[in-house]
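Residue indices begin at 1 and follow the sequence shown. What's counted below: heavy atoms across the whole structure, side chains too, no hydrogens, waters or symmetry copies.
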Amino acid sequence: PMTLSIPAKHAYLRISIAQAAAGTELAFRKAIQDSLTRTFGASAAGTYVDILHFTSQCTSSSKDKVAEAVIRISVE
């Protein structure tokens, strides 16, 4: 039998972040894009990032905001 391998086009990540970028989905997206640029340079700045789920809330122990998100990133 012939085995076919389908290449993955996307990677899915679950991320938690605290403090400044946890306020809004837009700030979260900006933090992800800025991190990609700092880590991989200008070539990664255009990496497609899709936020599939985003929640932001204050923690019970302090007034710090914590955000969680599921993102999809193109790996091509």
Trainee: Which ILVMFWY residues are connected to Leu52, directly or by a chain of links, through side-chain heavy atoms under 4.5 Å apart?
Mentor: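 So far as hydrophobic clustering goes, Leu52 is joined with Tyr12, Val70.
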
Trainee: Arg14: what forms a salt bridge (Lys or Arg N to Asp or Glu O under 4.0 Å) with it, not counting sequence neighbours?
Mentor: Glu68

Trainee: With Ile15, which residues qualify under side-chain contact (heavy atoms from CB on, under 4.5 Å), at least two apart?
Mentor: Leu13, Phe28, Ile32, Ile71

Trainee: Hey, could you give me the NE2/CD distance between His53 and Glu25, rounded to the nearest 0.5 Å?
Mentor: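 Answer for the NE2-CD pair, His53 versus Glu25, is 10.0 Å.
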
Trainee: For the residue pair Val49 and Arg29, what are the closest heavy atoms and their distance?
Mentor: O-NH1, 2.7 Å

Trainee: Consider only side-chain heavy atoms of I, L, V, M, F, W and Y, link residues closer than 4.5 Å, and tell whether Ile73 and Ile51 are in one cluster.
Mentor: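 They do share one cluster, since a chain of ILVMFWY contacts under 4.5 Å joins Ile73 to Ile51.
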
